[in-house]
J.: 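Supplied in structure tokens, the structure appears directly below.
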Number of protein chains: 2
Amino acid sequence: MGTTQLETVPEPKYWHLKTVIGEALDSDFAVGEILPNERELAARFGVARATLRQALEQLELEGRLQRRRGVGTTVAPPRVGVDVSTTQHSWPGVGEDTWQSVDSADDTAPAAVARLLDIEPTARVHVVRRLRVTEGQPVAAELLYVPAGSVPGLVEADASGGPARARAVLRELRQLTLDGQDRSVELGSARADDARELDRLPGAPVLVVTTRYLSEGRTAAVSVATYRADTCRLTFGDSGDLAMAS
Amino acid sequence: MGTTQLETVPEPKYWHLKTVIGEALDSDFAVGEILPNERELAARFGVARATLRQALEQLELEGRLQRRRGVGTTVAPPRVGVDVSTTQHSWPGVGEDTWQSVDSADDTAPAAVARLLDIEPTARVHVVRRLRVTEGQPVAAELLYVPAGSVPGLVEADASGGPARARAVLRELRQLTLDGQDRSVELGSARADDARELDRLPGAPVLVVTTRYLSEGRTAAVSVATYRADTCRLTFGDSGDLAMAS
DNA sequence: TAGTGGTCTAGACCACCCT
DNA sequence: GGGTGGTCTAGACCACTAG
């Protein structure tokens with residue numbers, strides 16, 4: 001009674017913190033600059049460390065911060081745009097140096113991938129592992145699933161399993177005519193092995209790009225590429241050189 | 001000494017929990033089924049609630065769970081694929097019922113958008129708000145920024161600001177010839193207003209799709225659409241009907 | 001009003017990186 | 001060894017939903 005209702009909007013503390021720190025990032029910090037450590041920041045803002053961490057996590061999710069254990073928290077550079085437009089791609093590995101072949105193995109495909117390939121979950125496929133590197137930094141790890149039926153010409157002898165084997169699978173795949181591809185993008189979290197190659201912790205947020213390569217009415221191969229969500233912006237340059245023309 | 005080193009891999013508890021619960025989800029639960037509450041689950045697994053929550057958060061991020069305050073945690077249905085292929089789009093709002101116009105206002109564009117539009121940050125633009133609904137559920141909220149110069153024919157009188165105004169802006173925009181568009185996808189967190197329209201909490205993870213509409217060598221409009229990352233899989237059907245043919 | 005998930009605290013210890 | 005972020009605990013209270 002008699003008291004004026006003073007903004008009784010219980011905005012969470014971590015949300016407010018995120019805003020405040022975000023603004024400070026714009027005005028007071030340069031890219032690459034290192035922030036005070038979490039314990040000090042928490043004390044400075046008068047909150048528990050867990051609460052501060054919630055704010056930092058959000059900022060990291062948005063690509064504004066970068067945190068490394070044992071090192072500290074730094075201001076992240078703007079996200080790099082990585083081209084995932086389909087016209088650029090054609091078959092995987094055509095004269096591209098953006099992807100590095102890592103190795104290849106024979107294995108079964110995960111259930112979801114087997115469904116896309118329309119094969120039995122127990123059927124064996126070639127699994128090619130590749131890594132995409134941009135400006136010296138790994139940005140994506142890919143698993144390319146190729147059913148044996150798609151590469152009948154592949155000689156089985158060379159079972160070295162190394163990069164040479166991976167390139168051999170890709171070379172055979174290119175013998176097919178590519179009729180088209182579909183692509184989808186969704187949010188995921190990095191599996192342990194992907195995380196290691198991407199220099200992140202397991203569970204880090206990633207953008208999962210799934211591509212079906214179609215040939216002769218069938219799905220000839222499926223690629224599952226996981227991109228670092230913190231540092232990457234996926235671009236689909238559907239106009240591309242058109243913007244340059246005229 | 002004398003003790004055999006027993007798998008001293010300090011896999012985080014929450015990571016292990018996530019795996020265990022994820023497997024249980026596959027085998028013991030049906031879509032829509034409600035899980036025991038967090039306090040009980042934590043007790044059952046012998047961990048603190050915060051630790052259990054870390055596991056649930058990951059599963060929610062991957063679209064496997066859905067949590068609602070005051071209600072409970074349920075098993076999420078598979079993500080819905082929403083088509084964001086550019087051929088389908090042409091100008092925004094051409095005979096589509098997937099998008100609902102909400103309203104339109106005159107405002108300045110955020111700095112990042114002003115840069116894409118190549119206009120002054122203080123220049124006024126039409127901001128059209130739209131909502132994308134799929135199967136009765138809101139999946140995306142969009143802000144379409146249209147510089148006044150792109151819609152010279154727009155009559156200023158009708159400043160109602162409601163859906164009618166929004167449709168008028170779109171109608172005028174369609175007078176231009178569309179030369180092409182660029183699109184990019186990145187991870188973000190929902191702003192308060194988007195979160196409300198998407199029926200999520202502020203900060204919820206979203207996929208931000210930014211589109212530049214090009215006309216006569218200029219950027220005629222910019223769309224920033226935020227899709228619910230938990231329930232959506234963005235699809236780029238670059239083959240589409242090709243898969244149907246032959 | 002009872003029960004749910006969301007926020008917050010004040011500690012502790014661990015894994016990792018640098019010097 | 002000293003400092004960083006990452007994990008974990010055992011509590012407490014709040015905001016929301018439903019019966």
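Residue numbers begin at 1 in each chain, while the letters A, B, ... track the order of the sequences.
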J.: Which part of the nucleic acid, if any, lies within contact of L201(A), taking any heavy atom under 4.0 Å across all strands shown: a base, the sugar-phosphate backbone alone, or nothing?
T.: sugar-phosphate
J.: Check whether the side chains of S223(B) and E142(B) place a donor and an acceptor atom closer than 3.5 Å, and report yes or no.
T.: yes
J.: Any strand is fair game: report the nucleotide pairing with dG19(D) by Watson-Crick or G-U wobble, both distances under 3.5 Å, or none.
T.: none
J.: Between R53(A) and E38(A), is there a side-chain N and carboxylate O pair less than 4.0 Å apart?
T.: yes
J.: To the nearest 0.5 Å, what is the distance between CG on D230(A) and CG on L61(A)?
T.: 9.0 Å
J.: Examine dT7(D): is either OP1 or OP2 under 4.0 Å from a nitrogen or oxygen in the side chain of T51(B)? Give yes or no.
T.: no
J.: How many Å lie between CZ on R68(B) and P on dG5(C), as a whole number?
T.: 11 Å
J.: Parallel, tilted or perpendicular: which one describes the rings of F236(B) and F236(A), with boundaries at 30° and 60°?
T.: parallel
J.: Specify the separation, in whole Å, of atom CG of N37(A) and atom C1' of dC18(C).
T.: 15 Å
J.: Mapping R67(B) and A48(A) onto DNA chain C by nearest heavy atom, which one lands closer to the 5' end?
T.: R67(B)
J.: Rounding to an integer number of Å, can you tell me how far R49(B) CZ sits from dT4(C) P?
T.: 10 Å
J.: Separation of L41(B) atom CG from dT4(C) atom P, in whole Å?
T.: 11 Å
J.: What is the separation between atom CG on D199(A) and atom P on dA15(C), rounded to the nearest whole Å?
T.: 19 Å
J.: Once you round it to whole Å, what is the distance between C1' of dC13(C) and CD of E38(A)?
T.: 15 Å
J.: Counting only side-chain heavy atoms from C-beta out, which of dC17(C), dG5(C), dG6(D) sits nearest to V71(A)?
T.: dC17(C)
J.: Can you tell me whether the side chain of R39(B) and the base of dG3(C) have a donor-acceptor pair closer than 3.5 Å?
T.: no
J.: Can you tell me how far P of dG5(C) sits from CG of L52(B), to the nearest Å?
T.: 9 Å
J.: What is the separation between atom CD on Q58(B) and atom P on dC8(D), rounded to the nearest whole Å?
T.: 11 Å
J.: K18(B) pairs by side-chain hydrogen bond (donor to acceptor under 3.5 Å, both in side chains) with which of E62(B), Q54(B), E23(B)?
T.: E62(B)
J.: Output yes when at least one side-chain N/O atom of T73(A) is less than 4.0 Å from OP1 or OP2 of dT4(D), else no.
T.: no
J.: Below 4.0 angstrom from OP1 or OP2 of dC8(C), is there any side-chain N or O of Y14(A)?
T.: no
